[in-house]
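To keep things clear, I will list the structure first and then write my remarks on it.
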Amino acid sequence: MEKKDFEAWLDNISITFLSLTDLQKNETLDHLISLSGAVQLRHLSNNLEILLKRDFLKLLPLELSFYLLKWLDPQTLLTCCLVSKQWNKVISACTEVWQTACKNLGWQIDDSVQDPLHWKKVYLKAILRMKQLKDHEAFETSSLIGHSARVYALYYKDGLLCTGSDDLSAKLWDVSTGQCIYGIQTHTCAAVKFDEQKLVTGSFDNTVACWEWSSGSKTQHFRGHTGAVFSVDYNDDLDILVSGSADFTVKVWALSTGTCLNTLTGHTEWVTKVVLQKCKVKSLMHSPGDYILLSADKYEIKIWPIGREINCKCLKTLSVSEDRSISLQPRLHFDGKYIVCSSALGLYQWDFASYDILRVIKPPDFSNVSLLGFGEIFALLFDNRYLYIMDLRTEKLISRWPLPEYRKSKRGSSFLAGEMSWLNGLNGQNDMGLVFATSMPDHSIHMVLWKEHG
């Protein structure tokens with residue numbers, strides 16, 4: 001057929017085809033296909049793929065592609081990345097999607113990171129770590145051996161763990177290597193706190209002492225309590241040391257001279273915890289930047305101003321119940337904005353600006369669970385058998401780790417949390433180092449550490 005005649009025939013056929021019903025069009029196409037050879041069928045297949053399989057991610061503007069991708073869950077997006085290199089490139093660059101996915105997993109978001117492909121990589125790392133937590137495979141254990149009598153006092157800071165023992169010594173350990181850096185002769189230690197130059201110890205001999213790491217010499221002795229000293233805290237800038245004792249008092253000392261500046265009374269039980277912390281919120285009683293002293297006994301938490309006036313008044317007393325059968329656990333969290341403490345009734349969180357109870361968290365069988373650390377995203381808890389991680393957004397336990405038969409301490413001095421920045425959200429860098437440490441009946445220290453990323 002000549003080209004001119006073919007074009008005229010094709011026009012007539014097209015006009016007739018357009019006038020048919022859908023059913024008639026389908027029958028016509030079926031008949032034409034049945035008459036087609038291999039060349040025609042291949043041509044039809046190639047053109048149908050172009051017409052029907054439209055790559056919308058390739059055709060749409062990037063902003064619209066990102067908007068559509070936000071409706072898919074991360075696991076589906078990862079599957080979509082396998083479709084083609086173009087899809088992988090577009091999906092990987094959808095920063096908002098991956099940031100949201102990371103946030104939902106409890107991951108910190110650094111908005112200053114400009115690399116558009118960064119957050120998908122972070123999500124892949126995050127999902128691996130969260131799977132390890134869920135499968136109870138995120139941690140590993142280690143031990144420190146060196147004391148010859150029970151270890152009553154522990155304090156952790158910046159990769160270093162200090163231990164105080166009834167063998168009349170205190171040791172400073174490098175957690176990463178397990179090596180003892182310093183070992184000095186002391187009195188019996190019920191509480192310890194340290195920095196690079198010095199060690200401060202509270203003792204069962206009713207005194208507090210300050211020691212120099214490098215020489216092991218005692219540089220200051222604080223005498224005045226009539227009962228064992230169970231907790232100490234200090235601040236070099238204020239030149240103040242505070243101590244809580246079995247004599248029901250809190251004493252404020254001049255750190256440099258050892259002079260007792262104030263004795264705070266009002267507790268009716270052993271003072272097992274004192275915390276010296278800068279306030280971060282404003283209220284009628286304090287302003288941001290003010291230093292505040294918290295002291296806790298078996299039933300109450302007392303809040304004091306830091307001043308040198310005699311008989312200074314307690315600002316506020318907090319408790320969870322008037323029932324004396326309900327006692328507070330010895331661990332106390334205070335970050336300048338919130339006070340958190342656990343009891344048999346649950347985990348209590350107070351707003352420091354108003355002193356109001358913000359919430360009470362009551363997971364199953366909470367009566368035996370103690371607080372170790374509390375953050376914006378996670379809380380670290382433990383009981384006689386397990387170490388637990390709780391997602392505070394859902395108040396659900398997301399991981400646990402078995403613990404050996406450790407030495408029990410009603411005062412809470414023989415166990416502690418390690419690195420705690422991850423409680424405000426993981427970031428791929430802060431999930432390393434010490435998680436938990438406790439003293440053991442054989443005088444060793446049992447440590448739970450983050451396992452390196454797989």
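Treat the numbers as computed from the prediction; the structure is a model and nothing was measured.
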Exercise. Is there a side-chain contact between Cys102 and Ile109 (heavy atoms, below 4.5 Å)?
Worked result: yes
Exercise. Between Phe139 and Trp401, how do the two ring planes meet: parallel, tilted or perpendicular, split at 30° and 60°?
Worked result: perpendicular
Exercise. With a 4.5 Å limit on heavy-atom distance, are the side chains of Arg324 and Tyr299 in contact?
Worked result: yes
For this session: Check Arg129 against Asp431 and note the closest heavy-atom contact, atom names and distance.
Result: NE-OD2, 2.8 Å
Exercise. Do Leu403 and Val448 have side chains that get closer than 4.5 Å, going by heavy atoms?
Worked result: yes
For this session: Spell out, as yes or no, whether a donor-acceptor pair under 3.5 Å connects the side chain of Gln40 to the backbone of Gly37.
Result: yes
Problem set entry | His136, NE2: over 12 other non-hydrogen atoms inside 6.0 angstrom | yes
Exercise. So, Asn427 side chain and Gln108 main chain: donor-acceptor pair closer than 3.5 Å or not?
Worked result: no
Problem set entry | Other residues, nucleotides, ligands: >12 heavy atoms within 6.0 Å of Lys316 NZ | no
Exercise. Would you say Asp166's side chain and Ala149's backbone share a donor-acceptor pair under 3.5 angstrom?
Worked result: no
Exercise. Can we say Arg393 and Asp391 salt-bridge, meaning some charged N sits less than 4.0 Å from an Asp/Glu carboxylate O?
Worked result: yes
Exercise. Okay, side chain of Ser439, backbone of Tyr152: is any donor-acceptor separation there less than 3.5 Å?
Worked result: no
Seminar exercise, completed: ring-ring contact (aromatic ring centres under 6.0 Å, His included) filter on Trp119, not counting sequence neighbours, yields none
Exercise. For Leu426, does its backbone N or O pair with a side-chain atom of Asn430 as donor and acceptor, under 3.5 Å?
Worked result: no
For this session: Report yes or no: does Ser214 contribute a side-chain atom to a donor-acceptor pair with the main-chain N or O of Gln197 at less than 3.5 Å?
Result: no
Exercise. Can you check whether Arg385's main-chain N or O pairs, donor with acceptor, with Asp383's side chain at less than 3.5 Å?
Worked result: yes
Exercise. With side chains defined as the heavy atoms from C-beta onward, is the minimum distance between Asp195 and Asp236 less than 4.5 Å?
Worked result: yes
Problem set entry | Heavy-atom closest contact (Ser295 atom, Val274 atom, distance) | CB-CG1, 4.1 Å
For this session: Name the orientation class of the two ring planes belonging to Tyr388 and Tyr386 (parallel below 30°, tilted from 30 to 60°, perpendicular beyond 60°).
Result: tilted
Seminar exercise, completed: When every non-hydrogen atom of Leu372 is compared with those of Leu416, the smallest separation belongs to CD2-C, 3.9 Å
Exercise. Does Lys193 make a cation-pi contact with Tyr234 (under 6.0 Å, within 45 degrees of the axis)?
Worked result: yes
Exercise. Can you name the nearest heavy-atom pair linking Ser231 to Thr272, along with the distance?
Worked result: CB-O, 3.5 Å
For this session: Quick one: which residue pairs count as a side chain to side chain donor-acceptor pair (under 3.5 Å) with a foot in residues 415-425, not counting sequence neighbours?
Result: Tyr156-Glu419
Problem set entry | Lys302 side chain to Cys314 backbone, donor-acceptor under 3.5 Å | no
Exercise. Can you say whether the rings of Phe382 and Phe436 are parallel (under 30°), tilted (30 to 60°) or perpendicular (over 60°)?
Worked result: tilted
Exercise. Is Gln277 close to Leu294 at the side-chain level, that is, under 4.5 Å between some pair of heavy atoms?
Worked result: no
For this session: Taking all heavy atoms of Leu380 and all of Leu423, pick out the closest pair and write down the distance.
Result: N-CD2, 4.1 Å
Seminar exercise, completed: For Lys171 and Cys180 the tightest heavy-atom approach is CB-SG, 4.0 Å
Exercise. Heavy atoms, side chains only, cut-off 4.5 Å: are Leu345 and Val360 in contact?
Worked result: no
Problem set entry | Full working for ring pair (Phe, Tyr, Trp, His ring centres under 6.0 Å) between Tyr338 and Trp350 | CA-CA 6 Å; Tyr338 305 108; Trp350 288 270; over 10 Å; no
Exercise. Thinking salt bridges, do Lys70 and Glu96 make one under a 4.0 Å N-O criterion?
Worked result: yes
Problem set entry | Stepwise side chain to side chain donor-acceptor pair (under 3.5 Å) check, Gln329 with Ser370 | CA-CA 6 Å; Gln329 300 287 353; Ser370 296; 3.2 Å; yes
For this session: Would you check if Leu318 and Tyr355 make a side-chain contact, meaning some heavy-atom pair closer than 4.5 Å?
Result: yes
Exercise. Are Asp237 and Lys278 ion-paired here, with the side-chain N under 4.0 Å from a carboxylate O?
Worked result: no
Exercise. Does Lys25 make a cation-pi contact with Phe17 (under 6.0 Å, within 45 degrees of the axis)?
Worked result: yes
Exercise. Side chains of Phe352 and Lys280: closer than 4.5 Å at any heavy-atom pair?
Worked result: no
For this session: Quickly, which of Thr177, Val175, Ile181 forms a side chain to side chain contact (heavy atoms under 4.5 Å, CB included) with Gln179? Name it, please.
Result: Thr177
Problem set entry | Ser444 side chain to Leu144 backbone, donor-acceptor under 3.5 Å | no
